[in-house]
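In what follows, every chain begins at residue 1, and chains take the letters A, B, ... in the order their sequences are listed.
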Amino acid sequence: EYNVYGHDEL
Amino acid sequence: MNVFRLTGDLSHLAAIIILLLKIWKSRSCAGISGKSQILFALVFTTRYLDLLTSFISLYNTSMKIIYVGCAYATVYLIYAKFRATYDGNHDTFRVEFLVVPVGGLAFLVNHDFSPLEILWTFSIYLESVAILPQLFMISKTGEAETITTHYLFCLGVYRALYLFNWIWRFYFEGFFDMIAIVAGVVQTILYCDFFYLYITKVLKGKKLSLPA
């Protein structure tokens with residue numbers, strides 16, 4: 001899974 | 001989502017729209033660095049590849065699509081539609097001096113040595129310095145149109161608000177991303193000199209011009 005580092009920002 | 005993050009995003013959106021409208025309404029991209037705009041298009045492209053791999057929220061997805069779309073629309077207006085008005089003679093910053101070191105750094109300092117993660121890191125580092133060709137252009141011509149200064153102000157405020165967002169997230173969520181924070185601090189510092197000129201000149205109704 002790519003989004004493991006929590007890149008939830010823009 | 002907190003108030004700093006939301007207003008930061010909206011400030012970023014405002015900056016992008018202001019620039020697009022400025023070029024569209026005046027039918028001219030004079031005083032705008034096409035190189036900075038290409039770098040921003042590259043930033044959004046390499047960062048938002050996760051549009052294809054993960055879904056975070058409708059807000060997140062729509063904003064990413066808007067940012068990417070507007071970035072390419074801006075590049076199109078500068079290099080195609082209003083190319084005749086593009087001031088290439090003053091847009092002489094050597095972008096390879098940014099892209100190459102930033103690319104190397106993304107390979108060396110990242111959260112995970114995987115293609116998407118390296119590209120994400122590259123985009124974060126590149127964004128922090130992508131405005132330099134624009135600031136260089138203004139220092140070279142010694143002036144900027146007022147509307148261009150509004151664009152730069154919104155763009156600088158966006159990252160400054162993100163700094164408050166990260167402080168908030170650290171205290172209330174225990175979340176912090178050192179790569180984003182360090183790059184965000186660098187990015188904000190690059191705008192400080194401009195913020196000073198904006199507040200002391202533009203907000204008092206004067207045009208931004210630098211002493212010769």
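Proximity to chain A at a heavy-atom threshold of 4.5 Å picks out B:Arg5, B:Asp9 from residues 2-16 of chain B, in numerical order.
Look at B:Asp177 and B:Arg169 and you find no salt bridge, because none of the NZ, NE, NH1 or NH2 atoms lies under 4.0 Å from a carboxylate O.
Only the side chain of B:Tyr59 comes within contact range of chain A, judged by heavy atoms closer than 4.5 Å. Neither the backbone nor the side chain of B:Phe44 comes within contact range of chain A; no heavy atoms are under 4.5 Å apart.
Annotation: cation-pi geometry satisfied between B:Arg159 and B:Tyr162 (NZ/CZ under 6.0 angstrom from ring centroid, within 45° of ring axis).
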Checklist line | Candidate pair B:Thr92 and B:Phe136, rule side-chain contact (heavy atoms from CB on, under 4.5 Å), full reasoning | finding: CA-CA 8 Å; B:Thr92 49; B:Phe136 180 71; 3.4 Å; yes
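When all heavy atoms of B:Thr85 and B:Ser28 are compared, the pair lying nearest together is OG1-CA, 3.5 Å.
Aromatic pair B:Phe170/B:Trp166: centroids not less than 6.0 angstrom apart.
Among the candidates B:Tyr196, B:Phe194, B:Tyr158, B:Phe195, the single residue satisfying the ring pair (Phe, Tyr, Trp, His ring centres under 6.0 Å) test with B:Phe153 is B:Phe195.
Applying the side-chain contact (heavy atoms from CB on, under 4.5 Å) rule to B:Phe172 yields the partners B:Trp168; only residues at least two apart in sequence or on another chain are considered.
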